[in-house]
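Below: one structure, written as structure tokens.
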Amino acid sequence: MALIEIRHLKKYYKDVKAVDDISFTVGEGEFFAFLGVNGAGKSTTISVLCGRERRDGGDVLLGGQDVEDDAGARAAMGVVFQDCVLDKALSVRDNLKYRAALYGITGKAFDRKLRELSALFDLTELLPRPVGKLSGGQRRRVDVARALLHEPKLLILDEPTTGLDPQTRKSLWETLLGLRAVRRLTIFLTTHYMEEAAGADRVVILDKGKILADDTPLNLKEKYAHDLVTLYHVRESDVKMLGVPYRREGEKYLVSVKNSAEATALITAHPQLFHDYEVVKGKMDDVFLAVTGRTLEQGGTK
Amino acid sequence: MNFTKLRYLVARNCKLFFRDKGTFFPSLIAPLILLFLFIAFLGDVYRDSIRSVVEGFPISDGLVESIAGGWLISTLLAVCAVTIAFTANTIMVQDRVTGARNDLLVAPMSAGLLALSYFLATFLVTLLICFTALGAGFCYLAAIGWRLSVLDVFSAVLDSALLALFGTALSSLVCGFLRSQGAVAAIQATVSAAYGFLCGAYMPFGNLAGWLKDVLMLLPGSYGTGLLHLHLMGGAIEAVTEEGMPPALAEALKQGFDCTLDFFGSAVPVWVCYLVLGIATALLLAAYVALCAHMGRRARPRRSVRNFT
């Protein structure tokens, strides 16, 4: 069953078509990734989904309800914004207390929830500290805890790991994916990190406000990216004999094949060459390049 | 309306004001400058001014101190009520700048409730600081010679509350248009520097040119300042008759120190001062509500237009 249903969504800023007639659905419990460079329309779509921006056309339904219905739709979603938007001068505990009250969670119910989230995100020692004094990774943990205060069905993550070190990023994802498994949480992620998008159930590639591709990472790789067979300890004349595109990188040769089937056929046809080799699936970077004609690096284009 | 959410929002806004050094300390700048000026030279100017009005009649130093002290406290309160309200309301603008507003409005509540919370928090903070200043002022007046009646005390409390409400309504409307920290800083600096002069807190209207006085009397804040002058100095000025001076002289002192106001030559009764302040506050409040409603309409998503595609 679709939790989010977006049909022909349009959002314009004067002459700029930030979101230009896009349609997609996100199933309940799905991990959905929105991939695109800065300015592709990812954050605008989220703003409309959260009810922060008015749309210029189309339908945005959450659980079958128009997001205009504040009480129902907003209570069902938690949002982690691109930047920390908590009150820097207030302690972590105060921030969570005042935000929780907006969902009717006060008193003992809040204390219980605070204990639960503190254990989950390792916040106990951070609770009395002002948010402004926390490191980037600590703030992000508090942000996510804030978004999960009211146990939403949908967690929207707007480039949540930008600026975080790899270790913090990894541990944050472990916690989130664990939560998803336990609570059947739907995750809607916007990102420009390919490896994050590759872990999603479904990826939509957005460029200049339009959807260019919408499929599972595996299908996208099958469709748009070539697999690579790396050969070691072979002569170039032998590789040339295979009759497929290749390139040399130091002592190894990278042979490009369409898919696993073609790789298997190649190996079985020339077993004498394949003593020391590895087959690597195509990467999301290749998919993005093939779909948009651009590479993606740190949110910028190259 | 959800009062629990409102209560927590107001508590959050108030706490942010007192915890954030960037908001709390700047709010004290204008009153501290006024206090410094009074200690440095304005106090002597007022004392000399009082003595010049009653020239030829003996007046005790204690009474002169009471009148000058009443002027100081009333001007401090008149300025505080507006400048502190402006500083407290910067939370509203900060929330827009930092994105906290988006985070708050992701929760199931209306933008109107958030706007109301800013208003109430600003009013509470302003009231708290004004009442603290008034309490300290009463202690100071008691130390130099208590001349206030019970009615004066209650009236001064009412005046402070009304001016705090006026300051809150004025600052809410102005801050409702601001979208950057720079704009807030500019407005704060302007209000801190200019409001004291505009409302007749730094300089009695009697010392100004006639046309300027009439122009300033068009501003509602002047009436609030006049009420505070009357209720915090009036008792001390009337006491000059006990020291053998004619009532006409007391009246001249009252006029000279803005305890009685005149508008284009006509004396303004006390009830008219309250009326002007009340109507001005109500109009500002109505304008703020209209502004919030307008912005709420702009921000709220509308239902899809089926024939758009």
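Remember, predicted model here, so these are calculated numbers, not experimental data.
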Nearest heavy-atom neighbours spanning A:Y98 and B:Y8
CD2-O, 3.5 Å

Please round to the nearest 0.5 Å and tell me the distance separating atom CZ of B:R12 and atom NZ of A:K97.
13.0 Å

What residue, out of B:D20, B:L16, B:L6, has the most heavy-atom pairs lying under 4.5 Å from chain A?
B:L16

For the candidates A:P130, A:A147, A:A89, which exhibits the highest count of non-hydrogen atom pairs separated by less than 4.5 Å from chain B?
A:A89

So CG of B:L105 and CZ of A:R74: to nearest 0.5 Å the spacing works out to 6.5 Å

Max heavy-atom pair count under 4.5 Å with chain A, selected residue of B:L113, B:N102, B:T4
B:N102

Considering only heavy atoms and a distance below 4.5 Å, find which of A:V60, A:D94, A:D83, A:L9 pairs most often with chain B.
A:D94

Cut-off 4.5 Å, heavy atoms of chain A, and the answer for B:A111 is neither

In terms of heavy-atom contacts, A:Y103 and B:P108 come closest through CE2-CD, 3.4 Å

Looking at B:R19, B:K15, B:Q94, which has the largest count of heavy-atom pairs under 4.5 Å with chain A?
B:K15

Using non-hydrogen atoms only, which part of B:L104 is less than 4.5 Å away from chain A: side chain, backbone, both, or neither?
both

Answer yes or no: does atom CZ of B:F36 have more than 12 heavy-atom neighbours from other residues, nucleotides or ligands under 6.0 Å?
no

Has B:F197 got more than 12 heavy atoms of other residues, nucleotides or ligands less than 6.0 Å from its CZ?
no

If I compare all heavy atoms of B:V106 with all of A:V79, which pair ends up nearest, and what's the gap?
CG1-CG2, 3.8 Å

Could you check whether A:R146 pairs with B:D103 (Lys NZ or Arg NE/NH1/NH2 to Asp/Glu carboxylate O, under 4.0 Å)?
yes

Just how far is it from atom CG of A:L102 to atom CG of B:L114, taken to the nearest 0.5 Å?
9.0 Å

